[in-house]
Structure formats: structure tokens, C-alpha cells
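In what follows, a single structure is set out as C-alpha cells and then discussed.
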Amino acid sequence: MKEYKVECIKCGARFSKEDIVYTCRKCGGLLNIKYDYSEIEVDRIVKAKGQGVWKYRVLLPFDEETKPVTINEGNTPLYRCDRLAKSIGIDDLWVKHEGLNPSGSFKDRGMTVGVTKAMELGVRGVACASTGNTSASLSIFAAKAGIPCYALLPKGKVALGKVAQAMMHGAKIFSLRGNFDDALRVVRQLCDEENLYLLNSVNPYRLEGQKTIAFEVAEKLDRGVPDRLIVPVGNAGNISAIFKGFSELKTLGITDSVPKMTGIQAAGAKPIVNAFKEDKAEIIPEDNPETIASAIRIGNPVNAAKALFAIRDSGGVAESVTDEEITEAQLELARQEGIGVEPASAASIAGLKKLVELGEIDRDEKIVCITTGHLLKDPERVIEICEAPKEVDADVDVLRKMLK
Ligand code: F0G
């Protein structure tokens, strides 16, 4: 049996692996999963066979015998982006496109672990609040596992492709009159009272899956940790998870550093950026977050404490970008590198550009940007920002004239 601890980051209280607990029952702090790193054989990580999240099973909270609920998540490409680097004026840029996970976002990494844990616990169903991608991913894993899935979505605020996925894969969807933060508040209470397993990123098991982004980056760069990793921030789970992944590699002596964790929020939803810049320990929630990047339209990020620690401890920064900057970056990434992402994902590139201009990022840094979701998630935004197709008769002469 693999031993690990579920530990409060604030007061150190511990919970067992049988407990269904998301935050500390004593002080309300966030929870972390901790292993006995002296017991872990490094070779079983660096020489592991296979692909994707479960390749790193040694650093996941399951026994060898556990059968995962999986749809081959992870193993996403890390593209070297020389054209974009040149236009930004930097030397060494890589983009890891998490939009190429099976459901089209990084959430699959967390859900394969989270739903596998749900099956181990024997819960009667799974639930989430979502700006879209979490519900799309969870609905797929729940379908695969054969358990009910309930999703609370802020009414009128979720991109079309994501709702379509949750609907098709059979989630019971509620269109909630309120924003994402309201939905999360409600679903947390519902899960506590109805024996449903909560699979938002406050659940520490989800972050165990998402930390494998760090393992894949280090592996693809031959254990060469980038100087900086830039990631869009919403509920702040992913930046915390990736930091944990890099920290574990360093603890195990596989790598010798952790990248400067750099979190980017939208200008209309930036409580973490505010706390970082004002040197505050806690965020002040924003009541009416607003941005075209609907995935990160979040005013009260549940993982703020972990994210602020990750950014500060690694020597990174938090910065915000406007909707215009996000749109420009989305188009550049698509047209210079062939990488199609949804608006929230482009925040990482927009943030990179801004931080280079501000002189916060050195031009010779090795940088990895994470693009979190696929372009097709939000087709409505594409129609808003791109030139519409031209209607034309089936006549080659007309076409020829139009090409000129
Ligand atoms: N990018 C995309 C495409 C997302 O869907 C999300 C979060 C983030 C970035 C931010 O990640 O929350 O870990 O900081 N989407 C959640 C959802 C909130 O419900 O799909 P985070």
C-alpha cells in the first residue's frame, strides 16, 4: 500500500486517504498531498515507460493495482516557437499546448486522478462548478466511469463548445443565476450534504494529476528546467499544481531548480495580481469579474494561497492583461505558430509580451508558456474577431478577381 498524507498547508492537520475532505476541518486551509520522498525510487520516474499522466504513477496517490479511469490524457506537445519569439524579441520560447488533451483542456489531467479517486471512495456521483472546461472534462470521465455527473454553470457565461461537450457526455447541467464564484459556493455545500464528490481544483487529488505538466516539461527538455513558466490563472489550481510538480522533481534530485512561476490574469478579474503587487498575504475577492476570457472570469480564486506561495517562492510574478492584449496574442499564436487556443489560454502569451516590454523578463530566458484550452472551445469568439468567409458564386473568374 502506498502511504501518503493529506495535509493542511496552514495548520499542518492531517487527514486520511479514506476521508472525503477538501479543506482543513480545523482551520479551513487548503490541503496538499505529501509523499515520503525518501521512499520513492527516482529511476521509476526517469526511466518510466508509457505516456501521459499515469506514466508518473509513482508520484500519484494510488497503489500499483489501482485501475485508472483514463482516456489517454497528457503527453501534450511542447512546441518551440521561433517565429513568435522573434516577434516578441526573445530567444528561447516554448509553448506546451494543453488544448490537445482529449477533451481539449488541461483539466483531463486532474480528472483522470480525481475520478479514479472517486471510484476508490465509492461515492454516488461527481459534481463541479465550472466556467466550462472543468464540466466538459468531468462529464467525459464520469461517462467513462459510469457514474452521474452534475455541473453548475454560470448562466450565459460559458463558451459554446464546452457546454456542448458536457451536454453530449450526459452531465446533468444547471444554468445558475450567478457567476462562477456563486456556483462554487453552492456546489461545495451540495457535495457536503449529498455524498457527491467535488471535483473542482480545491480537491487536492485533482492537482496531483495536473502537476504532471511539470514532469513532461522537464522530461522533454532533458531535465532542463526552463527559467520561467507562464500560465493563465483563474481559480489558481493549475499554477499551484505545476509548481508542486517542479518542486517534487527538485526534492528528488531529478532537477536542480524550479522555474519562476508567472501567473497571468485578465484585467477584469485579477485578485491574485492585486495581492501580489500590494504584497498582501490574502486576496480581496472581486464581486463582478469581467473578461472575454470566460474560462478565467473568476473573482474569488479558491487556490489563491497556494498560487501566491508558488509565485513568491519561485521568484516569479503575477501580471494582468487586457482583453485587447489577449485577442492580439490569440491571433498571433494562431497565425505565426499554428497553435489554436481559446482566449484564456492566450493570456499566457499576452502576459509574456507585456512582461518583456516592461523589462520584467530578460530576453535570453528560456520560457515555457502553457496554453490551457483549444481554439474550438470558443467558436463564438472566433466569429467576433476574425474576418467572415466571403460568399461567392461557383465561378472561377469571379474567384480569380477576388484573389487580386
Ligand atoms: N485556462 C482555461 C482554458 C481554463 O479553463 C481555466 C480554468 C484556466 C485557464 C485557469 O486554471 O483555474 O487552475 O487557475 N477553468 C475552470 C473551469 C475554472 O471551470 O473550467 P485555474
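Heavy-atom basis, side chains included; hydrogens, waters and symmetry copies ignored. In what follows, residues are counted from 1 in the order of the sequence shown. As the structure lists them, so they are numbered: ligands from 1, and atoms in each ligand from 1.
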Evaluate the criterion side chain to side chain contact (heavy atoms under 4.5 Å, CB included) for residue pair V53 and L60; output intermediate values, then yes/no. CA-CA 9 Å; V53 170; L60 295 178; 4.0 Å; yes

Apply side chain to side chain contact (heavy atoms under 4.5 Å, CB included) to the pair T262 and V231, showing each step before the final yes or no. CA-CA 6 Å; T262 301; V231 60; over 6 Å; no

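Contacts of T131 classified as side chain to side chain donor-acceptor pair (under 3.5 Å), with partners at least two apart in sequence or in another chain: none.
Salt-bridge annotation for K270 and E286: absent, with no side-chain N of the basic residue lying under 4.0 Å from a carboxylate O of the acidic one. In summary, E219 and K55 engage in a salt bridge, as defined by a charged side-chain N under 4.0 Å from a carboxylate O. At a threshold of 4.0 Å, the pair D19-K17 does not count as salt-bridged, since none of the basic side-chain nitrogens sits closer than that to a carboxylate oxygen. Look at R381 and E384 and you find a salt bridge, because one of the NZ, NE, NH1 or NH2 atoms lies within 4.0 Å of a carboxylate O, short of that distance. Taking the charged nitrogens against the carboxylate oxygens, E208 and K211 do have a contact shorter than 4.0 Å, which makes a salt bridge. In this structure, E73 does not pair ionically with R109, as no charged nitrogen and carboxylate oxygen lie closer than 4.0 Å.
If you number the atoms of ligand 1 from 1 as listed, the ones under 4.0 Å from a heavy atom of T134 come out as 16 (C), 17 (C), 19 (O), 20 (O). Proximity to E342 (heavy-atom distance under 4.0 Å) selects the following atoms of ligand 1: 3 (C). Of all the atoms in ligand 1, the ones that sit under 4.0 Å from a non-hydrogen atom of N133 are 2 (C), 3 (C), 4 (C), 5 (O), 20 (O). With ligand atoms numbered from 1 in the order given, ligand 1 contributes 1 (N), 2 (C), 3 (C), 9 (C) to contacts under 4.0 Å with heavy atoms of T372. Counting the atoms of ligand 1 from 1 in the order shown, those under 4.0 Å from a heavy atom of I296 are 8 (C), 9 (C), 10 (C). Ligand-side atoms of ligand 1 in range of N235: 12 (O), 14 (O), 21 (P), range being under 4.0 angstrom from any heavy atom. Under a 4.0 Å criterion applied to the non-hydrogen atoms of S130, ligand 1 contributes the atoms 17 (C), 19 (O), 20 (O). Interface atoms of ligand 1 facing V233, defined by a heavy-atom separation under 4.0 Å, are 14 (O).
Protein heavy atom closest to atom 4 (C) of ligand 1, with residue, atom name and distance, is A295 CB, 3.5 Å. Protein heavy atom closest to atom 11 (O) of ligand 1, with residue, atom name and distance, is F106 CZ, 3.5 Å. In terms of protein heavy-atom proximity, atom 10 (C) of ligand 1 is nearest to G234 N, 3.5 Å. Closest to atom 13 (O) of ligand 1 among all protein heavy atoms lies N238 N, 2.8 Å.
Between the OG atom in S257 and the CG atom in D227 there is a gap of 7.5 Å [rounded to 0.5 Å]. Distance CG/L138 to SG/C149: 4.0 Å, rounded to 0.5 Å. F246 CZ to I213 CD1: the interatomic distance, rounded to the nearest 0.5 Å, is 9.5 Å.
Nearest to atom 15 (N) of ligand 1 by heavy atom, out of R297, H374, E98, K107, is K107.
Any N or O atom pair closer than 3.5 Å counts here, and G237 shares at least one such pair with ligand 1. For the pair P232 and ligand 1, the shortest N or O to N or O distance does not fall below 3.5 Å. When only interatomic distances are considered, the shortest N/O to N/O separation between S201 and ligand 1 does not fall below 3.5 Å.
Between Q210 and ligand 1 there is no heavy-atom distance shorter than 4.0 Å.
Within the 4.0 Å heavy-atom criterion, the part of A236 lying near ligand 1 is the backbone and not the side chain. Neither the backbone nor the side chain of K162 comes within contact range of ligand 1; no heavy atom lies under 4.0 Å. Counting heavy atoms closer than 4.0 Å to ligand 1, residue I298 contributes side-chain atoms (C-beta onward) but none from N, CA, C or O. At a heavy-atom distance under 4.0 Å, no atom of N303 approaches ligand 1.
Side-chain atoms of K2 come within 3.5 Å of backbone atoms of F62 as a donor-acceptor pair (strictly under, hydrogens ignored).
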